[in-house]
Each structure stands twice: as C-alpha cells, then as structure tokens.
Amino acid sequence: MKTALQKEAKKQMKQIIKNNKIIVKKFEDEKKRKNVPLEEYATQMKNPDNILEIDNLHTYFYTDMGIVKSVNGVTLEIPQGKTVALVGESGCGKSVTSLSIMKLVTAPVGQITDGEIRYNRPSGPIDIVKTPISEMQKIRGNEISMIFQEPMTSLNPVFRIGTQIDEAIMLHRPDIKKSAVKQQTIKMLELVGIARAEGIYKSFPHELSGGMRQRVMIAMSLCCNPRLIIADEPTTALDVTIQAQVLDLLRDLKTKIDSSILLITHDLGVVAEMADYVVVMYAGRIVEQGTAEDVFLHPKHPYTIGLIKSKPVVNQEIDRLYSIPGQVPNPVNLPDHCFFKDRCDKCIPSCNGPIPELQQIGPEHKVACHLYDEENGKEAN
C-alpha cells in the first residue's frame with residue numbers, strides 16, 4: 001500500500017516531467033531551425049582584445065528530480081593570447097561551462113537557457129548561444145578546440161591514432177590533398193614531442209601510455225591551429241613528471257600558434273604555473289576572479305582562501321591536511337542566500353540576505369562576498 005506521502009511525491013514528479021518536456025521542446029525546436037540568417041547571431045564584443053566573452057550564462061539540466069542549475073549566471077573574459085584558469089571543487093560547473101562554449105551540453109536534458117557567449121571570430125563576432133549547429137560544426141575543432149579530461153575514453157579504441165587525427169584534418173581542411181594529410185598528422189605528433197611519430201601513427205590507443213595518449217589528444221586539438229584551446233583537466237590522469245611535461249608543452253604551443261587557453265582544473269599548482277588570470281567557481285557561480293597574483297597572493301573570498309589552504313606545501317610539516325568543512329549545496333534546491341554560508345567561518349548577518357554579486361576591489365580583482373560590501377560604499381546589514 002502506498003502512503004499519502006509517496007503518492008504526493010509521485011504526483012510532483014509527474015508534474016516536473018511534464019513541465020520539463022514543455023520547456024525542453026521550446027529549446028530543441030529553436031535548435032532545429034535551418035537557414036538562420038547571420039544577423040540573428042552576429043554580435044559585438046565589449047572588448048575587441050578578447051577572444052571570448054561569457055555574459056550571465058545559465059546552463060540547466062531538466063531532470064526528473066527538478067532543475068539542476070549547473071551554471072547559474074557566469075560572466076568571464078578570455079583575452080587574446082592569454083591563459084585563463086577556471087578552478088573549483090568537482091561539481092561546481094567548470095566542465096559544463098566549457099561544454100556550453102562548444103555547444104556540446106547533453107541534450108535534451110541539458111540546455112543553455114540564458115546569457116551570451118561572444119566569440120571574436122575573424123569574420124566578425126558571433127553569439128555562440130544563438131549560432132546554428134551547422135555553423136558550430138565549422139568552429140568546433142577548427143577555431144575552438146577542446147582537450148578532454150580522459151584521453152582513453154575520448155579516443156576511439158577501434159581506430160588507429162593516425163586515422164583519427166587524419167579525420168579531423170580532412171573535416172576542417174578540405175583544401176589539403178589526401179596525400180598531404182598523413183604528413184600533416186605526423187608533423188603534429190612531432191610538434192607535441194612524440195618520438196617515432198610514424199610508429200605512433202599506426203598504433204591503437206590501448207598500445208600507448210597515459211602520457212602519450214594525452215599528447216595525441218593535444219596534437220588532435222591543435223591540428224587546425226585553433227584560436228582558442230579549452231583544456232579540461234588535461235593532467236588529471238597523469239603522474240607528476242608527465243604532468244610537468246604536458247604543461248610545458250601547452251605553454252610552448254600556445255606561443256607558437258598564438259592562441260588563447262581556457263584551463264579547467266582543481267589543481268592549484270597547475271594554475272600557479274600556467275595562468276595569467278584565475279576564475280574561482282562555486283556551486284555554478286563565480287565567487288572570485290583576477291590576475292594569478294591577485295588570487296594567489298591576496299585571496300579575498302573565504303572559499304578561495306580555503307582552497308589555497310588545502311594545497312600541500314613543500315617543507316611544511318603538518319599533522320593533517322586542511323579541508324573545507326561541509327558539502328556543496330544540492331544544485332536542485334539552491335538556497336536564496338550565499339551558497340557558501342553554511343561552510344564559511346567568516347559568516348556575518350548580511351550573509352542571510354541576497355546572493356552576493358561580484359564587486360570590484362582592485363583594477364582586475366573581483367569578489368562576490370558580503371564581507372566587502374562596506375568597502376564598496378554599501379551598507380552591510
């Protein structure tokens with residue numbers, strides 16, 4: 001016998017599913033439109049020196065349990081030729097932000113519901129959110145490429161390495177003759193530091209080590225000289241020695257092809273070594289951003305301070321590594337106050353009020369915290 005509570009829960013779930021179908025259908029119908037004129041997705045950059053500008057981005061997942069607000073109002077900029085690091089705990093929305101840029105969010109459950117992603121294309125700036133799929137297929141892998149988190153699952157196990165890179169080149173560079181494609185692939189493998197590139201060209205993914213597979217993924221992402229590289233946890237599955245080699249490789253290649261990098265990671269050591277700018281995410285929102293020097297030497301948000309404290313330090317003897325207390329809030333039922341409030345040791349009465357917005361506290365340093373309301377001429381309640 002079902003209890004009244006179970007019946008009510010089932011009724012609510014049915015209503016959620018019904019509402020989700022209506023919302024998702026609207027977004028999917030918009031995506032299926034053909035022959036969308038350029039005027040509908042052309043835009044203007046706020047700063048022409050930026051390669052990408054994300055403005056108030058919302059990416060939600062419409063599940064049977066409710067709406068998961070994975071990215072909930074993210075705004076950031078990636079300057080031309082610079083490396084921007086997006087950091088935070090697992091589940092904070094970093095990877096969903098990168099997938100939104102590539103317009104690869106899992107549909108129909110996942111949808112970009114609001115905001116702009118302005119890409120400074122050579123032919124003129126466009127809003128990726130409104131760009132039709134047919135046009136995005138020309139951009140992905142060609143102008144904007146992505147190094148995925150786990151190379152073993154990203155590479156197709158039944159095709160040889162050379163075949164997979166050849167395919168990417170032929171898709172985006174139809175002007176190159178088939179006879180020259182193999183030479184271009186071998187050239188890219190050599191560029192990422194792979195010795196005996198001819199042998200690797202004929203190998204299957206399972207025959208290579210983790211570090212070698214990651215180099216192949218980098219070669220694949222660079223084969224069309226992209227203007228923006230999104231590196232999603234590029235060193236997670238690698239040991240420390242190989243990590244250092246991959247980071248050096250990315251840094252050198254960025255200079256050689258004059259591209260920008262969006263580096264997604266939770267490893268602050270990687271950030272300190274690679275990034276020009278740092279953006280800290282928590283529960284789908286940005287809580288602090290600035291230059292690497294601003295964030296590492298003068299962190300302001302209690303969450304950023306906690307992340308830095310939890311990083312092991314060489315030659316420092318401690319009994320126990322610091323960890324931020326508590327858990328990340330449920331993204332289905334987010335509170336209407338500061339998301340970090342229940343984990344924060346610097347909580348003040350204002351934290352019970354509205355969710356804090358990013359405030360300017362330096363030339364390029366911003367923080368979303370009520371602790372700094374008074375410094376910006378506001379009255380902290």
Side-chain angles (χ1 to χ4, degrees), residues 38 41-57 59 71 74-87 93-105 112 115-132 135-148 168 172-173 217-218 220-234 247 249-265 270-271 274-281 286 289-292 294-295 358 363-366:
L38 176 62
Y41 58 92
T43 186
Q44 291 294 323
M45 305 296 290
K46 285 188 176 179
N47 184 348
D49 292 332
N50 290 333
I51 186 73
L52 193 84
E53 296 174 347
I54 300 176
D55 194 354
N56 195 34
L57 178 66
T59 303
V71 177
V74 165
T75 298
L76 63 89
E77 299 177 351
I78 304 177
Q80 176 66 47
K82 301 293 184 182
T83 298
V84 176
L86 192 58
V87 302
K94 305 186 300 297
S95 292
V96 177
T97 300
S98 69
L99 291 172
S100 299
I101 295 170
M102 299 292 283
K103 219 168 182 181
L104 288 174
V105 178
I112 300 173
E116 290 182 278
I117 303 173
R118 296 185 289 272
Y119 165 52
N120 201 352
R121 205 175 186 188
S123 57
I126 60 170
D127 180 3
I128 286 176
V129 175
K130 298 177 182 177
T131 300
E135 197 63 28
M136 276 305 300
Q137 288 172 342
K138 300 174 186 176
I139 295 172
R140 293 190 201 119
N142 187 18
E143 298 176 34
I144 304 176
S145 65
M146 191 166 181
I147 304 167
F148 289 96
H172 295 292
R173 304 275 297 277
M217 287 297 298
I218 294 171
M220 191 180 295
S221 70
L222 299 179
C223 62
C224 296
N225 292 330
R227 304 179 70 234
L228 174 63
I229 303 165
I230 301 172
D232 187 3
E233 303 275 10
L247 292 176
L249 177 63
L250 279 173
R251 198 162 39 234
D252 292 343
L253 292 174
K254 185 193 80 165
T255 305
K256 284 180 182 177
I257 64 175
D258 190 29
S259 63
S260 307
I261 295 179
L262 175 61
L263 178 65
I264 296 168
T265 183
V270 169
V271 174
M274 282 282 295
D276 298 300
Y277 298 93
V278 179
V279 178
V280 183
M281 276 190 79
I286 291 174
Q289 65 182 45
T291 64
D294 286 336
V295 175
L358 280 172
E364 296 181 274
H365 198 177
K366 295 180 181 179

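None of these values were measured; they are calculated from a predicted model.
Side chains of Ser260 and Gln80 form a contact here, defined as non-hydrogen atoms less than 4.5 Å apart. Using a 4.5 Å cut-off on side-chain heavy atoms (C-beta onward), Val295 and Val271 make no contact. Counting heavy atoms from C-beta outward, Thr265 and Met274 have side chains that stay 4.5 Å or more apart. Residues Leu99 and Met146 have side chains in contact (heavy-atom distance under 4.5 Å, counting atoms from C-beta outward). Contact annotation: the side chain of Thr97 approaches that of Leu86 to within less than 4.5 Å [non-hydrogen atoms, C-beta and beyond]. Contact check for Pro234 versus Leu263: side-chain heavy atoms found under the 4.5 Å cut-off. When side chains are defined from C-beta on, Ile128 counts as touching Ile144, because their heavy atoms get closer than 4.5 Å.
For Glu143, the side-chain hydrogen bond (donor to acceptor under 3.5 Å, both in side chains) test picks out Tyr119, Arg121, with sequence neighbours left out. Under the side-chain contact (heavy atoms from CB on, under 4.5 Å) criterion, Asn50 pairs with Met45, Asn47, Glu53, Glu77, Pro79, not counting sequence neighbours. For Asp294, the side-chain contact (heavy atoms from CB on, under 4.5 Å) test picks out Thr291, Glu364, His365, with sequence neighbours left out. The salt bridge (charged side-chain N to carboxylate O under 4.0 Å, His left out) check on Arg140 picks up nothing, with sequence neighbours excluded. Listed by chain and residue number, Thr83, Ser259, Ile261, Asp276 satisfy the side-chain contact (heavy atoms from CB on, under 4.5 Å) test with Lys254 (two or more places apart in sequence, or in another chain). With sequence neighbours left out, the side-chain contact (heavy atoms from CB on, under 4.5 Å) criterion links Thr131 to Tyr41, Ile126, Glu135, Met136.
The shortest non-hydrogen separation linking Thr59 to Ser100 is OG1-OG, 2.9 Å. Here the closest non-hydrogen pair linking Ile264 and Ser95 is CG2-N, 4.5 Å. Shown here for Val71 and Gly93, the closest heavy-atom pair between the two residues is CG2-O, 3.7 Å. Summarising the geometry of Leu262 relative to Leu228, their closest heavy-atom pair is N-CD1, 4.2 Å, with the distance given to 0.1 Å. Pairing each heavy atom of Cys224 with each of His172, the nearest pair is SG-CB, 3.6 Å. Taking every heavy atom of both residues into account, Pro226 and Ser221 meet most closely at CG-O, 3.3 Å.
To the nearest 0.5 angstrom, Ile54 atom CD1 is 4.0 Å from Ile101 atom CD1. Put simply, CG on Leu57 and CD on Glu116 are 10.5 Å apart, with the number rounded to the nearest 0.5 Å. To the nearest 0.5 Å, atom CD1 of residue Ile78 and atom CZ of residue Arg118 are 12.5 Å apart. Here the CZ atom belonging to Arg173 is positioned 8.0 Å from the CG atom belonging to Asn142, to the nearest 0.5 angstrom. Atom CG of residue Asn225 and atom CG of residue Asp258 lie 10.5 Å apart, to the nearest 0.5 angstrom. A distance of 10.5 Å separates CZ of Arg227 from CD1 of Ile139, quoted to the nearest 0.5 Å.
Checking side-chain atoms of Asn120 against main-chain N and O of Asp49 turns up no donor-acceptor pair under 3.5 Å. In this structure a side-chain-to-backbone donor-acceptor pair under 3.5 Å is present from Lys103 to Val129.
Other residues, nucleotides and ligands place no more than 12 heavy atoms under 6.0 Å from the NZ atom of Lys366.
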